[in-house]
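A short write-up of the structure that comes next.
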Amino acid sequence: MSDSQLWGDVDAYFTDHLAVEDDALAAARRESDAAGLPPISVTAPQGKLLRLLAEIQGARSILEIGTLGGYSTIWLARALPADGRLVSLEYDARHAEVAVRNLARAGLDRIAQVRVGPALESLPRLADENPAPFDLVFIDADKANNAHYVEWALRLTSTGSLIVVDNVVRGGAVLDADSAAPDVRGTRAAVELIGQHPRLTATAVQTVGSKGYDGFVLARVRA
């Protein structure tokens with residue numbers, strides 16, 4: 001058995017016992033596949049982790065940068081109270097259309113809002129609204145801009161908020177300081193920014209699973 005097959009089988013085992021998908025989550029995956037969206041959404045165990053982090057945080061407001069088909073959005077939104085708020089930013093209008101349908105099917109369209117356009121344009125507009133600080137920010141968009149997204153996350157959060165940056169290992173490519181790949185350069189810039197920033201304390205967790213070898217950074221905003 002190859003490593004990738006083993007990782008996928010273990011993911012399936014944990015999904016079956018600890019992160020069971022209901023009809024809305026399964027439908028979100030199917031609809032995303034049928035619409036031709038890239039198969040890069042989080043796995044069910046990863047989605048469950050995001051929900052648990054939001055619940056442990058007692059989150060009332062969540063910012064997601066990178067919606068895709070709304071699969072991770074559903075996991076996150078389900079951690080919120082009935083009067084909670086989730087804002088998800090998506091570059092691609094076609095992806096956003098799929099996500100909006102998936103959120104409506106899950107009964108979360110009153111809590112979760114999808115905004116379309118480049119995140120680096122949507123974020124300043126969001127900041128201009130002077131929203132209450134977000135309790136959790138999940139960054140899972142184009143990796144070249146990860147450091148910029150972290151900077152905006154800091155502007156839109158407060159002491160105690162959590163920031164999660166996904167896909168930071170990239171199969172080990174994060175080690176290549178000479179890489180010309182924008183996703184590697186952007187990821188390294190974000191990691192180094194987080195590590196040096198006086199208002200952030202963080203760690204990274206490496207993961208394996210049906211999506212291969214990767215990982216995420218978990219950071220907490222401090223005073």
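It should be emphasised that the depicted structure is a prediction, and the values quoted were computed from it without experimental measurement.
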Report yes if some heavy atom in the side chain of [X] is under 4.5 Å from a heavy atom in the side chain of [Y]; otherwise report no.
X    : Y    : result
V137 : L156 : no
I62  : F138 : no
L89  : W152 : no
R115 : L126 : yes
S122 : Y91  : no

* Asked: Which heavy atom of Q57 sits nearest a heavy atom of D135, and at what distance?
  ->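 Reported closest heavy-atom pair: NE2-O, 3.2 Å.
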* **Aromatic ring pairing H17/Y13, orientation class (parallel under 30°, perpendicular over 60°, tilted between)** =>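 Tilted.
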* Asked: Where the side chain of N146 meets the backbone of G186, is there a donor-acceptor pair that is under 3.5 Å apart?
  ->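 No, N146 side chain to G186 backbone: no donor-acceptor pair under 3.5 Å.
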* Asked: What do you reckon, is CZ of R185 surrounded by more than 12 foreign heavy atoms closer than 6.0 Å?
  ->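 Counting neighbours around CZ of R185, 12 or fewer heavy atoms of other residues, nucleotides or ligands fall under 6.0 Å, so no.
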What donor-acceptor contacts under 3.5 angstrom involve side-chain atoms of residues 187-202, with partners at least two apart or in another chain?
residue, atom, partner, partner atom, Å
T187, OG1, D183, O, 2.7
R188, NH1, V174, O, 2.6
H197, ND1, R199, N, 3.0

* Asked: Would you call D166 and K211 a salt bridge, using N to O less than 4.0 angstrom?
  ->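 Result for this pair is no, no salt bridge flagged.
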Scan the side chains in residues 23-40 for donor-acceptor partners under 3.5 Å anywhere in the protein, sequence neighbours excluded, and list what turns up.
residue, atom, partner, partner atom, Å
R29, NE, E21, OE1, 3.1
R29, NE, E21, OE2, 2.7
R29, NH2, E21, OE1, 2.8
S32, OG, A28, O, 2.8

